[in-house]
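A quick write-up on the structure given underneath.
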Amino acid sequence: MSPPDAGPAAGGDTVGRARWRTRAAVVLALAAAPAAVAVVAALAGRPAGTVGALAAASLGVAGVGLVHAAKALPDTAEEEHPRAVHGPSLSRRRLVRGGGAALGVAAAGGASVAAAGRNEEATRALRTTAWSKGVGVVTAEGEAVRADALAVGDALTVYPSVAILAADAQVMLLRLAPGTLDGDAGVGIPDGLVAYSRLCTHMACPLGLYQQRNEVLLCPCHQALFDVADGGRPIIGPASRPLPRLPLAVDGDGLLVADGPFTDAVGGGFWGRP
Amino acid sequence: MAGLQPKRLIALGRTRAQGVARGAAAKVFPTHWSFLLGEIALVSFVVLVVTGTYLAFFYDASGDTVTYAGSYAPLQGVPMPAAYRSVLDISFDVPAGLLVRQVHHWASLVFIGALVAHALRVFFSGAFRKPRRLNWTIGVTMAAAATANGFFGLGLPGDLLGGTGVRIAYGFATSVPFIGPGLGDVVFGGEFPDPALYHRMWQLHVLVLPAVLAVLLAGHLALVAAQSHTQHAMAHRARHRVAGSRGWPGYALKTAALSAVVVATLVAMGALLQIAPIWLYGPFNAADATVPAQPDWYLAWVEGSLRIAPSLDLRLFGREIPGSFLSGVVLPSAVFTALYAWPYLEAWLTGDHEAHHEAERMRDRPVRSALGVGACSFLGVLVAAAGHDVQGLLLDVPLQQVTRAYRVLVLVVPPVAAALTWKLCRDLAAGDGAADAVDGPVAVGTGAGTDADEAVGEAPVDEADEARVAARGERR
């Protein structure tokens, strides 16, 4: 086997030691200069960014200088590798591993039990919104929307009068040229006014970008594209479901109201979606 | 409990007392640069704790709607969550608040970056092998905790970008089979967005996860101290010996220098480089999202997979499995399971159950190196894909084509990178073998085990190795 350690640094290279101490002292003195300027700048009320940059400069000088100082030291020492020590003993190893695994299982189990207990109610909440037959259509400011409010090509974000700004009830109201939408999609689309859920069916991001020219809604999060002229069908990107549609009707005063709830659960995919 | 006999306990206690009090100064630390990566992570963690403590003095973990009346004029009179207002106050009215906030955010990016670089060093040099498998497990857990904590940190300010990220995480929770909606309700405090969220994220961000990280860090370092580092085999160094500099003064000086440089860099970044200007994003509002929206880099692989995953319509027990389940739950679970399992998997695959104290070179383990590079390039493509909308805009390429390109790249790049790595490793190792045969031993990393790679390795490598070991008379 190898002889016991007698590395050059064990006894110490006195010349190297003296030199690193000198160098370290010089370095700290040099670093003190920008530090002092930083303190003065801070006291003088200079912006925190300036003070921070000066403090960083001081630390940087100290760091680089200490590397220089360390180079004065003899670099090589050797010792026997602590081969005998294989970390904690087997029982402690088991304790750590078993304890960690038990903690993880307990946390996951507890969360699962709690989640299972809340699942039915939470699923119902995800499936429903404040929209139902006869609920008034209003803007974010709460103003009722008239059936003749939008010109062809216009878009407006609207909410149910009973839950203004509710995240899951936001709707993109669009007026398409009459005849744009095909077939039975026309039910609940008075005079080309079509209303889609404004939540992407991928991850429920708000569909804030309406491209009038191509009649598409774009999701800013993961770039799913929906064709509003084709029943809200996803055409590009990660979404797989069409946008739920809100059937509309016009009441006696010429104001828009919902003609029922959304055609499907709004938002991204969740377990138990119909 | 055979390991806890009194004699052994006393011996253990003595070893520890000596190890801490006297041993540290004489302990030999390797000097290779790659051993500093873990230290950079350590220093960044300390910076995070210090800056985070300062920020905690002023942060208000409340989702109550308030009206802003602070010194940032464009947002005066705007309704917003109280949490967002407090971060605006930190940025504009608290002394050095913006500086500390920016240092904190930069330090989080550097922390996880250094952590990943450190893990790569450990992986590719085989330092995770027995007896260090437990420490690898601890490290992987720290990476998971750090990533989660970074995510909560992004959500805390209540800005539009962070809120969008939390909304996506809520989607992941509700996508879990059987209990998804209930899980979202329990974890996020109700249907998103819920004001209770800020309190939860806050407790997790400043108490639970930092405590987990601190405990794991202590265990990690204690194990390193007990087991020492793995080191590359060198011609001048006998096997089973550590070469480097002593704890005092050499290592202490270098660590002080490194700490100063890391802190200096982080403070300089915080002072000079803007990050997360939340006043430009605006407060979170369920009807808006920022464009473009990219998360911090360590979350980007999940974001990228969300963007390029095909819109599959998978079903289980007659129910739809949302695409977000694959990207947000299956992918991260698979990555971390693979990380946890690898040391055991490799031992099982190679039949090498021995303890190892020598670091290996990538070329001497072509299969492991190829798998590692393949996995890294897979995640790398996903990270790049997280910016695919911006790239399409810059290159003036339609988004659809960028998406398609990434769908191809994510399948093609990893096997190609793995194959190239394997070939490169084999060629380099063969070159070493030839050089050894002519010039005698230089620096060759050798595993003591019976790796499958070696079984098919070039003959000269093994012969040269045998010769060198025999010459030293160190055959076990």
Side-chain angles (χ1 to χ4, degrees), chain A residues 2 9 20 48-49 52-53 55-56 59-60 62-63 66-67 69-70 73 75-83 85-87 89-93 96 111-112 114-116 118-119 122-123 125-126 157 167 170 203-206 208 220-223 234 236 238-240 268-273, chain B residues 1 3-4 28 96 99 131 134 167-168 171 174-177 179-183 185-186 191 193 223 226-228 238 240-243 245-246 250 253-254 256-257 260-261 263-264 267-268 270-272 286-289 291 293 306-307 309 311 313 319-320 322-324 355 357 389 399-400:
Chain A
S2 315
W20 86 256
L59 276 169
L66 286 178
V67 172
L73 283 167
D75 197 34
T76 48
E78 279 198 33
E79 68 181 8
E80 193 67 15
H81 207 291
R83 239 185 323 167
V85 188
H86 288 183
S89 68
L90 200 61
S91 57
R92 267 195 300 158
R93 209 174 259 269
V96 170
S112 303
R118 299 278 308 145
N119 201 45
T123 307
L126 281 175
T157 300
Q170 50 185 307
M203 298 297 303
C205 282
C221 286
H222 308 107
Q223 290 75 39
I236 300 175
S240 61
F270 58 87
W271 179 261
R273 205 175 144 138
Chain B
M1 301 299 278
L4 291 179
V28 174
L99 173 68
L134 178 61
R167 167 173 18 223
I168 287 163
T174 58
S175 75
V176 173
I179 56 167
L183 190 64
D185 187 273
V186 168
E191 205 173 346
L223 277 176
Q227 298 176 328
S228 197
H240 302 304
R241 292 174 70 76
V242 183
S245 49
R246 296 271 169 200
L253 208 57
K254 283 175 190 170
V261 170
V263 176
V267 173
L272 304 173
D288 288 322
V291 183
L306 276 176
R307 288 170 182 237
S311 54
D313 196 14
R319 295 289 179 84
E320 175 198 1
S324 50
H357 298 288
D389 55 337
L399 202 59
Q400 197 170 6

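Below, chains carry the letters A, B, ... as their sequence lines are ordered, and counting in each starts from 1. All values below come from the heavy atoms of this structure, side chains included, with hydrogens, waters and symmetry mates left out.
- Side-chain atoms of A/M203 and A/C221, non-hydrogen and from C-beta on, never get closer than 4.5 Å to each other.
- If you measure heavy-atom distances from B/E191 to chain A, the contacts under 4.5 Å come from the side chain alone.
- Annotation: maximal heavy-atom pairing with chain A below 4.5 Å, among B/L306, B/V261, B/D389, occurs at B/L306.
- In terms of heavy-atom proximity, B/S324 sits nearest to A/G269 at OG-O, 4.2 Å.
- Looking only at heavy-atom pairs under 4.5 Å with chain B, the residue among A/A204, A/P206, A/A122, A/G52 that has the most is A/P206.
- The greatest number of non-hydrogen atom pairs below 4.5 Å with chain B, out of A/A62, A/G208, A/C205, is found for A/C205.
- For a residue to count as touching a neighbouring chain, one of its non-hydrogen atoms must lie under 4.5 Å from one of that chain's; by this rule B/V176 touches chain A with the backbone only.
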Side chain to side chain contact (heavy atoms under 4.5 Å, CB included) between B/E320 and A/S240, worked out
CA-CA 11 Å; B/E320 175 198 1; A/S240 61; 4.2 Å; yes
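- With a 4.5 Å cut-off on non-hydrogen atoms, A/Q170 touches chain B through its side chain but not through its backbone.
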What do the steps show when you test A/I236 against B/L399 for side chain to side chain contact (heavy atoms under 4.5 Å, CB included), and what is the final call?
CA-CA 9 Å; A/I236 300 175; B/L399 202 59; 5.8 Å; no
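- Interface residue B/V186: only side-chain heavy atoms are found under 4.5 Å from chain A.
- Proximity to chain A involves both the backbone and the side chain of B/A96, based on heavy atoms less than 4.5 angstrom apart.
- For B/L99, the part sitting under 4.5 Å from any heavy atom of chain A is the side chain, from C-beta outward, and nothing else.
- Within the model, atoms CD1 of B/I179 and CG of B/D185 stand 12.0 Å from one another, a figure rounded to the nearest 0.5 Å.
- For A/S112, the parts lying under 4.5 angstrom from a heavy atom of chain B are both the backbone and the side chain.
- With a 4.5 Å cut-off on non-hydrogen atoms, A/A239 touches chain B through its backbone but not through its side chain.
- In this structure, chain A has heavy atoms under 4.5 Å from both the backbone and the side chain of B/I168.
- Contact count against chain A (heavy-atom pairs under 4.5 Å) is highest for B/G182 among B/G250, B/G270, B/G182.
- Of the residues considered (A/A111, A/G63, A/P234), A/G63 shows the highest number of contacts with chain B, using heavy-atom pairs under 4.5 Å.
- Of the two parts of B/L183, the backbone and the side chain both hold a non-hydrogen atom closer than 4.5 Å to a non-hydrogen atom of chain A.
- Chain A forms the most heavy-atom pairs under 4.5 Å with one residue out of B/S175, B/A256, B/G171, B/P177, and that residue is B/P177.
- Panel note: side chain A/R273, backbone A/G268; a donor-acceptor pair is recorded below 3.5 Å.
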Report the C-alpha separation of B/R246 and B/V28 in whole Å, then their side-chain angles, then the decisive distance to 0.1 Å, and conclude whether the side chain to side chain contact (heavy atoms under 4.5 Å, CB included) test is met.
CA-CA 5 Å; B/R246 296 271 169 200; B/V28 174; 3.6 Å; yes
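- With a 4.5 Å cut-off on side-chain heavy atoms, A/F270 and A/T123 count as touching.
- In this structure a side-chain-to-backbone donor-acceptor pair under 3.5 Å is present from B/Q227 to B/P131.
- For A/A69 against A/W20, the heavy-atom pair with the smallest separation is O-CB, 3.4 Å.
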